[in-house]
Protein chains: 2
Amino acid sequence: MDTTEADGRLLDAAESLFYEHGVQAVGMDRIRTASGVSLKRLYQRFPSKDVLVEAYLRRRDGRWRGALAAYVAERPSAAERPLAVFDWLEEWFAEPDFRGCAFINAYGELGTASPAVAGAVRDHKAEVLRYLHGLVRDAGAAEPGPVAEQLAVLADGAITTAAITGTPAPARSAREAASAVLKAAGVAQR
Amino acid sequence: MDTTEADGRLLDAAESLFYEHGVQAVGMDRIRTASGVSLKRLYQRFPSKDVLVEAYLRRRDGRWRGALAAYVAERPSAAERPLAVFDWLEEWFAEPDFRGCAFINAYGELGTASPAVAGAVRDHKAEVLRYLHGLVRDAGAAEPGPVAEQLAVLADGAITTAAITGTPAPARSAREAASAVLKAAGVAQR
DNA sequence: GAAACGAGAGAACGATCGTTCTCCATCATT
DNA sequence: AATGATGGAGAACGATCGTTCTCTCGTTTC
């Protein structure tokens, strides 16, 4: 097993375990068992749990935004793309292992204690906001900044509400609210 | 020190420590030190950490909703009360010890492991939704249910976004979005 | 073929966790 | 004054944490 494969297996194990059970509830030994990578190699690649947690979050950030962007980009017209975000959220919420936003969860658990984790979480939210800003601008909003911030709030609210209630319904509520926001901002809806 | 005072001091210590650092990061010994209540008495009143965490959440639920309702009730007209919720949020976000939603944070940390905690969190969110439903109905919305759900999503999103970015600004974004939602629902705004 | 190395398995370490127990001082009751 | 219950301070317990170390073995290199 070469280094890149070991990294992948470690991050796969870290992601599924940390996301499902929370970070503090999962010990390094459990990641070793789940990944099949020895403890020695684990600490060679990620010299502390904090580093592993940050790497998990940063890889998840890239994949999560990539999946969202790929879904949204399939919509032919720029005007409907902002609302497509909430359609993607609804599909995500319905997945059986959905457990809320990994970044919000990690921030609540470690935001106080770990600056590295707090930074990764803030970077993720900033990138999502930047992405939404582009969508809203391309959809023709006169002032994309405030609208994008409102959509970001709606997305985060939908994620946490869906996690706690256990249903995908909040995605539709958020989509309706987003529709009202876009209409008020002068973006034509179909 | 009688029983009710011991309970109060324990819950005060639990609330400030759990809320600031997260539940798993705070040991029972630290609660003993902060409260000045002996470990023996602590376990007499709260026979396990799980019970203490649930009690902390349920007391905070009552106080939090009480403070919100008291603030909103001061608005003279029912039509402006739904938006007053977001004004209250903005004041809360500006408090120096604001660290996001205690319930979302606890759910992310313990929702998988502790049914008692998960139940307290779900109860809190259900009560908030019920309260918003009353506000929206009294403001004259034709269909208060969907509107209340949208406001609940906005409130949760504002809380988490404010916690991560560290600014109270998301309250204003959520308020703007709520205004658009209410207008679309036919509720007159000033 | 021998020597040096790298990696895996898992024991070991010190710290800390939730929880219980021991010891002793205090106080109300006989 | 003697007794018994109560509660506080904190040691103790077993478990588990993150991290390091030991031991062994297969591989590589001269």
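Everything quoted here is computed from the prediction, not taken from an experiment.
- For A:Glu143, the CD atom sits in a loose shell: 12 or fewer heavy atoms of surrounding residues, nucleotides or ligands are nearer than 6.0 Å.
- In this structure, the CG atom of A:Leu39 is 20 Å from the P atom of D:dT24, given to the nearest Å.
- Separating the CZ atom of B:Arg30 from the P atom of D:dG10 is a distance of 18 Å, rounded to the nearest angstrom.
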Step-by-step side chain to side chain donor-acceptor pair (under 3.5 Å) determination, B:Arg99 to A:Thr112: CA-CA 9 Å; B:Arg99 267 255 311 154; A:Thr112 300; 3.0 Å; yes

Treat a base pair as Watson-Crick or G-U wobble with both distances under 3.5 Å, then lay out DNA chain C in dot-bracket form, 5' to 3', with | for cross-strand pairs. ||||||||||||||||||||||||||||||

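- Screening A:Tyr131, A:Trp88, A:Phe103 for a ring pair (Phe, Tyr, Trp, His ring centres under 6.0 Å) involving A:Trp64 leaves a single residue, A:Trp88.
- For the residue pair A:Lys125 and A:Cys101, the shortest heavy atom distance occurs at NZ-SG, 3.4 Å.
- A salt bridge is defined here as a Lys NZ or Arg NE, NH1 or NH2 lying under 4.0 Å from an Asp or Glu carboxylate O, and B:Asp87 with B:Arg175 meets this definition.
- A:Lys40 comes within 4.0 angstrom of a base, heavy atoms only.
- Side-chain atoms of B:Thr3 and B:Arg45 form no donor-acceptor pair, as typed in the model, at a separation below 3.5 Å.
- Rounded to whole Å, the distance from OH on B:Tyr43 to P on D:dG8 is 16 Å.
- A:Ala118 and A:Gly111 get closest at one heavy-atom pair: CB-O, 3.9 Å.
- Counting any heavy atom pair closer than 4.0 Å across all strands shown, A:Arg32 reaches a base atom.
- Contact footprint of chain A on DNA chain C: nucleotides with an atom under 4.0 Å from a non-hydrogen protein atom, first to last in 5' to 3' order, C:dA7 to C:dG10.
- Within 4.0 Å (heavy atoms only), B:Val26 reaches sugar-phosphate atoms of the nucleic acid but no base atom.
- The environment of CZ in A:Arg30 is crowded: more than 12 heavy-atom neighbours from other residues, nucleotides or ligands sit within 6.0 Å.
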